[in-house]
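For reference, the structure discussed in these notes is given below.
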Amino acid sequence: MLKGKAALVTGSTSGIGLGIARSLAAQGADMVLNGFGDAQQIEHLRRELAAEYGVRVLYSAADMSRPEEITDMIERTTAGLGRLDILVNNAGIQYTAPVEEFPAERWDQIIAINLSAAFHAIRAALPQMRRRNWGRIVNVASTHGLVASAHKVAYVAAKHGILGMTKVVALETATTGVTCNAICPGWVLTPLVQKQIDDLAASRKIPVEAAKIELLGEKQPSHEFATPEQIGALAVFLCSDGAAQIRGAALPVDGAWTAQ
Ligand code: NAD
């Protein structure tokens, strides 16, 4: 379905981003991976994806907290794959603390990576999508773009912000073949969430498995994690012709978290 298209997924060396990158590559899209991690493991991943799906896979080490590296990544993607049709803004980090104890530098870092990075990437990628009159921008927001939780002031602010950005970009591209939407996952078991489970287990002095059940039970009525593959499947659908009139939407994949 996506043969001949070129995709960039930020933060795709792990978790949800990797799930989305795999799903898009499985549909034939050439791919640029981005994110941090062990250089050898990333190179292994790059080769594995290319071999498994018969697509071109490149890697960018760009730091999403640095606007100039983001612009450079978009330019290199376009030069390396000849084009950029699908942009998935996924890189994100978390930090939890009560607002009055929340370190200001953590606020700046989360706003930069979880919110501003998407602005810089969209700004740089959109002109060529307009020229070809086809493009897909998928922002990975969160249930925390729709509702709040205590101790996540920067994350919740950034995720609410990215839903606003999604709507503006959707309006500005409404009469074109470019769409912009957001996916709002609930709990997905990735390293980002594993850290929160480990913190909960330590603070309550309970086993990790019990902390997992407690975390799900508090927010996610299905009592099951969503998976990176399920998020990837929705990203693929948003890239399909069937989704051409889904514009400016915030689509939850959250086990009924935000139905409450
Ligand atoms: P993860 O920690 O598994 O992956 C994060 C990815 O972002 C990694 O590839 C990491 O290297 C990359 N990254 C971090 N900082 C970066 C930077 N400065 N520059 C470039 N890359 C950077 O986390 P995840 O759970 O897969 O999260 C991915 C996205 O999904 C985030 O935006 C997160 O907010 C969102 N999300 C996650 C969940 C969940 O339950 N896991 C729920 C809702 C939304």
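As the structure lists them, so they are numbered: ligands from 1, and atoms in each ligand from 1. The shown structure was predicted, so the numbers you read here are calculated from the model rather than taken from an experiment.
Scored by the ring-ring contact (aromatic ring centres under 6.0 Å, His included) test, Tyr95 finds Phe102 as partners (sequence neighbours excluded). Shown here are the salt bridge (Lys or Arg N to Asp or Glu O under 4.0 Å) partners of Arg106, two or more places apart in sequence or in another chain: there are none.
Counting only residues at least two apart or on different chains, the ring-ring contact (aromatic ring centres under 6.0 Å, His included) pairs with a member in residues 125-172 are His144-Tyr155, His144-Trp257.
Tracing side-chain contacts under 4.5 Å through hydrophobic residues (I, L, V, M, F, W, Y), one never reaches Leu115 starting from Val140; they form parts of separate clusters.
With no hydrogens or angles considered, no side-chain donor-acceptor pair links Thr96 and Gln196 at under 3.5 Å.
Contacts of ligand 1 (protein heavy-atom distance under 4.0 Å) are Gly11, Ser12, Thr13, Ser14, Gly15, Ile16, Asn34, Gly35, Phe36, Ala62, Asp63, Met64, Ser65, Asn90, Ala91, Gly92, Ile93, Ile113, Val140, Ala141, Ser142, Tyr155, Lys159, Pro185, Gly186, Trp187, Val188, Thr190, Pro191, Leu192, Val193.
Under the side chain to side chain contact (heavy atoms under 4.5 Å, CB included) rule, Arg22 has a single partner from Met31, Glu52, Gln27, which is Glu52.
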